[in-house]
Amino acid sequence: DLSQRVQIRGRDEIGELAHAFDTMAESLERSEYQRRQLLNDVAHELRTPLTNLQGYLEALQDGVVDPEPEVISSIYEEAMLLNRLTTDLQDITLAEAGQLHLHREPIALEDVILQAVQALSLQAERKQLTLSTELPKDLPLVEADAHRVGQILRNLLSNAIKYTPEKGDVSVSVHALEQEVQISVSDTGIGIANEQLPLIFRHFYRADSSRTRATGGNGLGLAIVEQLVHAHGGQVSVRSHVGKGSCFIFTLPITEQILI
Ligand code: ADP
């Protein structure tokens with residue numbers, strides 16, 4: 001409550017103390033607001049699949065629909081959405097609390113990339129997209145958690161596929177610099193407007209064109225990518241042109257200068 005703040009503006013020690021309390025109170029209010037916002041978003045995201053599940057189950061119970069394979073697979077998909085949402089939320093909360101434990105070891109990036117590409121190849125095929133890789137020979141090993149790097153790549157690739165119209169191109173390329181490796185995932189898709197670029201890494205943020213459920217995301221993918229890249233001591237950035245495509249670039253340190 002702002003009215004309860006100490007309003008001393010002098011430059012003496014008490015003034016400075018009051019100022020410090022003021023700043024602390026502001027930051028508490030901000031994090032309390034963010035916590036409420038997050039809970040609200042979570043409730044909102046849970047509601048749709050739960051309502052759908054309830055609908056299917058009631059229809060089955062009332063004999064309005066039969067337990068045919070399509071009905072079962074729709075129910076299964078809603079359950080998968082809920083599952084994905086809870087896993088994603090857990091990853092985010094752990095990462096933000098600095099409690100995400102990485103199992104770092106020297107890994108061959110090309111193996112992880114090829115696995116991720118393989119995992120998404122069916123999705124790309126369905127939209128007749130070409131999914132290619134550009135991997136230089138003799139890539140240095142990176143000190144990273146292979147499972148988490150796979151997760152970063154799958155999130156970026158799955159976005160690239162979701163937001164690229166049929167017959168487009170999606171590619172992964174790697175460049176080794178002195179102390180880091182740069183991995184780019186680019187697409188020839190719908191692109192992202194400049195004013196939205198700073199927002200897309202936020203929890204649950206989805207640009208207008210993708211708010212429909214048709215693309216099947218929950219708005220947590222990029223927030224997780226950012227957290228995982230930072231946990232490895234890397235950086236993530238994006239370049240995009242509306243109507244032309246997007247390119248997400250992240251770095252992983254080669255040497256052992258990794259933040260814990
Ligand atoms: P979502 O589950 O909505 O895909 P993300 O956190 O992965 O959530 O992405 C946030 C938003 O950023 C998306 O809703 C979309 O608007 C935008 N976005 C992400 N990747 C791309 C891309 N490759 N091309 C165009 N827009 C993208």
Side-chain angles (χ1 to χ4, degrees), residues 34 37-38 41-49 52 77-78 80-96 113 116-117 119-121 123-124 126-133 148-173 182-231 235-250:
Q34 282 167 350
Q37 186 68 36
L38 183 66
D41 288 340
V42 171
H44 179 82
E45 286 297 318
L46 285 172
R47 189 166 298 128
T48 317
N52 290 347
E77 255 164 54
E78 299 297 337
M80 290 273 286
L81 278 179
L82 285 170
N83 196 347
R84 174 77 201 266
L85 185 65
T86 42
T87 319
D88 282 357
L89 275 170
Q90 197 166 32
D91 282 347
I92 292 255
T93 32
L94 281 180
E96 286 182 355
I113 292 175
V117 165
L120 281 264
S121 62
Q123 233 167 291
R126 282 202 198 109
K127 294 181 80 177
Q128 292 171 279
L129 302 172
T130 57
L131 185 49
S132 59
T133 55
R148 296 302 187 177
V149 174
Q151 190 177 3
I152 296 169
L153 284 163
R154 287 193 306 274
N155 283 2
L156 292 178
L157 279 170
S158 133
N159 279 349
I161 293 170
K162 272 194 293 190
Y163 302 114
T164 300
E166 291 201 347
K167 302 204 168 87
D169 300 316
V170 171
S171 68
V172 187
S173 60
Q182 257 182 7
I183 302 119
S184 325
V185 177
S186 32
D187 63 61
T188 58
I190 59 172
I192 304 159
N194 262 340
E195 62 271 20
Q196 287 173 337
L197 282 181
L199 308 172
I200 57 173
F201 289 94
R202 291 191 183 171
H203 305 143
F204 296 115
Y205 181 83
R206 310 193 71 197
D208 283 341
S209 52
S210 50
R211 270 182 192 278
T212 60
R213 283 195 100 210
T215 55
N218 59 23
L220 289 174
L222 287 180
I224 291 179
V225 164
E226 186 173 58
Q227 288 293 334
L228 291 178
V229 171
H230 287 174
Q235 295 296 327
V236 58
S237 61
V238 53
R239 280 184 284 125
S240 188
H241 292 282
V242 172
K244 284 194 168 171
S246 313
C247 177
F248 286 81
I249 302 178
F250 68 97

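Whatever order the structure lists them in is the order used to number ligands and atoms, beginning at 1. What's counted below: heavy atoms across the whole structure, side chains too, no hydrogens, waters or symmetry copies.
Listed by number with element, the atoms of ligand 1 under 4.0 Å from a non-hydrogen atom of Lys162 are 1 (P), 2 (O), 4 (O). Less than 4.0 angstrom separates some heavy atom of Gly191 from each of these atoms of ligand 1: 25 (C). For ligand 1, the atoms closer than 4.0 angstrom to any heavy atom of Gly219 are 1 (P), 2 (O), 3 (O), 6 (O), 8 (O). Heavy-atom contacts of Tyr205 reach the following atoms of ligand 1: 10 (C), 11 (C) (cutoff under 4.0 Å). Distances below 4.0 Å separate heavy atoms of Asn218 from the following atoms of ligand 1: 2 (O). Set against the non-hydrogen atoms of Ile200, the atoms of ligand 1 under 4.0 Å away are 10 (C), 12 (O). Set against the non-hydrogen atoms of Gly221, the atoms of ligand 1 under 4.0 Å away are 5 (P), 6 (O), 7 (O).
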Derivation and outcome, side-chain hydrogen bond (donor to acceptor under 3.5 Å, both in side chains), residues Asp169 and Thr130: CA-CA 5 Å; Asp169 300 316; Thr130 57; 2.4 Å; yes
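At least one donor-acceptor pair closer than 3.5 Å links the side chain of Asp187 to the backbone N or O of Ser246.
Here the closest heavy-atom approach between residue Arg126 and residue Glu166 is recorded as O-OE2, 4.4 Å. Residue Phe201 comes nearest to Leu222 through the heavy atom pair CD2-O, 3.5 Å, listed as atom of the first residue, atom of the second, then distance.
Side-chain atoms of Gln235 and His230, non-hydrogen and from C-beta on, do get closer than 4.5 Å to each other. By the 4.5 Å heavy-atom criterion applied to side chains, Ile249 and Arg239 are counted as neighbours.
Test Asn83, Asn155, Asn218 against Asp88 for side chain to side chain donor-acceptor pair (under 3.5 Å) and you get one pass: Asn218.
Using a 4.0 Å cut-off between heavy atoms, Phe248 contacts ligand 1 through its side chain alone, with no backbone atom that close. If you look at Leu222 next to ligand 1, the close heavy atoms, those under 4.0 Å, come from the backbone and the side chain alike. Neither the backbone nor the side chain of Gln196 has any atom closer than 4.0 Å to an atom of ligand 1 (non-hydrogen atoms only). For Asp187, every heavy-atom contact with ligand 1 shorter than 4.0 Å involves the side chain, none the backbone.
Residue contacts with ligand 1 leave out Gly189, since none of its heavy atoms falls under 4.0 Å from the ligand.
Any N or O atom pair closer than 3.5 Å counts here, and Ala223 shares no such pair with ligand 1.
At a cut-off of 3.5 Å, with distance as the only test, a side-chain donor of Arg148 or Gln151 sits close to an acceptor on the other residue.
Annotation: Gln90, atom CD; neighbour count of heavy atoms from other residues, nucleotides and ligands within 6.0 Å does not exceed 12.
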